[in-house]
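Structure first, then comments.
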Amino acid sequence: MRDSAADPEDVACGVDLAVRAGQVTMRWYSSRRLSSRTKGDGSPVTDADRAAEEFLRNELARRYPDDGVVGEEYGATEGASGRRWVIDPIDGTRSFVRGVPLFATLLALIDGSGPAVGVAHVPPLDETVSAGRGLGAAHTCGGEARRARVSDVRVPEDSYLVTSGIEYLPERGRRLLLHPGLLVRTWGDGYGYVLLATGRAEIMLDAGLELWDVAPMLVIVPEAGGTLTDYDGGDGPVSGDVVSTNGHLHRFAVQQLAR
């Protein structure tokens with residue numbers, strides 16, 4: 001049961017909804033009318049976050065009335081099917097507020113066998129990475145679709161490491177950033193995983209994640225051929241500190257994090 005493949009129709013639905021929710025967010029993108037407030041955890045939230053999540057919840061209730069939903073802005077709604085959709089309407093709201101085009105709409109499905117569907121859509125770039133358990137991963141950009149696959153880079157000195165920021169990484173995470181030869185770039189968030197899954201970066205280093213930040217990546221990264229664990233190499237983290245790689249460099253990354 002654990003290895004049962006996802007339903008391709010669920011993947012197609014996830015992509016459709018994430019793209020349409022991204023269109024909702026674009027109504028506010030780079031708008032002078034955009035206002036934000038700070039939530040209890042210190043992160044910003046905007047009218048665009050709320051509108052996109054409301055859109056997704058309404059569509060999911062219509063298409064999958066028995067499924068549960070959990071989202072960053074409106075919490076959890078229980079369902080009867082044993083399945084739940086996980087929503088992050090804008091992953092990278094700080095980027096969104098500043099007009100940086102590297103934010104993503106994230107959507108995932110978790111069923112009785114675990115993470116089943118993952119979608120990361122980057123609205124300003126018209127770029128999407130999607131995956132279904134046992135079905136592989138796909139990359140669509142500008143209407144052109146292809147297989148999503150991690151790189152074959154095996155040497156740290158030839159590797160790109162991306163991260164959402166340095167200030168919130170724990171000390172062990174910062175040590176990995178300082179490894180000689182690694183080329184480090186930020187503006188990560190969901191886009192960092194898009195880069196990893198499409199072979200344009202080798203390591204994505206993250207910290208302090210919630211379920212909605214990581215749920216799609218639990219499908220996307222392995223289906224693209226990569227590896228995602230906690231900093232100690234433990235499989236399947238659904239929150240906390242997470243490191244993802246192209247697989248070839250995972251032992252190196254975990255060893256560096258453990259030093």
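Quick note: numbers below take in every heavy atom, side chains included, and nothing from hydrogens, waters or symmetry partners.
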Atom CZ of R147 with >12 non-hydrogen neighbours under 6.0 angstrom = no
request  = Determine whether Y193 and V129 make a side-chain contact, defined as any pair of heavy atoms from C-beta on separated by less than 4.5 Å.
outcome  = no
key: Any donor-acceptor N/O pair, E53 side chain to E73 backbone, under 3.5 Å   = yes
task = Output the distance between atom CG (L182) and atom OG (S159), rounded to the nearest 0.5 Å.
result = 6.0 Å
message = Looking at every non-hydrogen atom in both residues, tell me the closest pair between A6 and L135 and how far apart they are.
response = O-CD1, 3.5 Å
request  = Indicate whether the side chain of T128 and that of T140 have a donor and an acceptor atom separated by less than 3.5 Å.
outcome  = no
query = Among I87, T77, L109, D67, which residue meets the side-chain contact (heavy atoms from CB on, under 4.5 Å) test with L60?
reply = I87
task = Give, for atom CG of L218 and atom OG of S244, the distance between the pair rounded to the nearest 0.5 Å.
result = 8.5 Å
Residues V155, F252; criterion side chain to side chain contact (heavy atoms under 4.5 Å, CB included); working and verdict = CA-CA 9 Å; V155 180; F252 156 78; over 6 Å; no
query = Is a donor on one side and an acceptor on the other found under 3.5 Å between the side chain of E223 and the backbone of A131?
reply = no
Side chain proximity check, V24 to R20, heavy atoms < 4.5 angstrom = no
key: Candidate pair V70 and L211, rule side chain to side chain contact (heavy atoms under 4.5 Å, CB included), full reasoning   = CA-CA 9 Å; V70 58; L211 174 63; 4.1 Å; yes
message = Measuring only between side-chain heavy atoms, which start at C-beta, is P170 closer than 4.5 Å to D241?
response = yes
request  = Check whether any side-chain N or O of S151 sits under 3.5 Å from a backbone N or O of G199 as a donor-acceptor pair, and report yes or no.
outcome  = no
task = Using distance alone, with no hydrogens and no angle criterion, decide if Y74 and D49 have a side-chain donor and acceptor under 3.5 Å apart.
result = no
inquiry  = Between R172 and D232 (salt bridge meaning N to carboxylate O under 4.0 Å), is one present in this structure?
reply    = yes
Whether N246 side chain and L196 backbone form a donor-acceptor pair below 3.5 Å = no
message = More than 12 heavy atoms of other residues, nucleotides or ligands under 6.0 Å from CD of E157: yes or no?
response = yes
ask   = Between R83 and D10, is the closest basic N to carboxylate O distance under 4.0 Å?
value = yes
inquiry  = Please evaluate residues R185 and E202 with respect to the criterion salt bridge (Lys or Arg N to Asp or Glu O under 4.0 Å), reporting the C-alpha separation (whole Å), side-chain torsions for both, the decisive distance (0.1 Å), and the verdict.
reply    = CA-CA 11 Å; R185 293 291 182 265; E202 283 67 50; over 6 Å; no
message = Would you say D91 and T105 are linked by a side-chain donor-acceptor pair, where the criterion is simply a distance under 3.5 Å?
response = no
query = Hey, are R133 and D7 close enough for a salt bridge, meaning a charged N less than 4.0 Å from a carboxylate O?
reply = no
inquiry  = What I want to find out is whether R50 reaches E54 closely enough, with some N-O distance under 4.0 Å, to be called a salt bridge.
reply    = no
inquiry  = Can you give me the closest heavy-atom contact between V122 and P101, atom names plus distance?
reply    = CG1-O, 3.6 Å
inquiry  = One pair to check against salt bridge (Lys or Arg N to Asp or Glu O under 4.0 Å): E171 and R174. What are the steps and the verdict?
reply    = CA-CA 5 Å; E171 182 61 31; R174 297 185 190 189; 5.1 Å; no
With D88, the side-chain contact (heavy atoms from CB on, under 4.5 Å) member among D213, T93, L56 = D213
remark   = side-chain contact (heavy atoms from CB on, under 4.5 Å) test vs F103 passes for just one of F96, W187, Y191, namely F96
Polar side-chain atom of S81 near backbone of D66 as donor-acceptor pair, under 3.5 Å = yes
message = Testing the 3.5 Å rule here: is there a donor-acceptor pair between the side chains of S239 and E210?
response = no
inquiry  = Between V150 and R200, is the side chain to side chain contact (heavy atoms under 4.5 Å, CB included) condition met? List the steps.
reply    = CA-CA 8 Å; V150 297; R200 292 174 284 175; over 6 Å; no
message = Working to the nearest 0.5 angstrom, can you tell me the gap between R98 CZ and R94 CZ?
response = 11.5 Å
inquiry  = Quiz question: by atom type and distance under 3.5 Å, do the side chains of H139 and E144 form a donor-acceptor pair?
reply    = no
inquiry  = Regarding T198 and R149, do their side chains bring together a donor and an acceptor under 3.5 Å, going by distance alone?
reply    = no
ask   = Would D111 and R84 satisfy salt bridge (Lys or Arg N to Asp or Glu O under 4.0 Å), going step by step from the backbone distance to the final call?
value = CA-CA 7 Å; D111 63 16; R84 60 176 174 163; over 6 Å; no
message = Is it true that, when you exclude Y160 itself, more than 12 heavy atoms of the residues, nucleotides or ligands shown sit nearer than 6.0 Å to its OH?
response = no
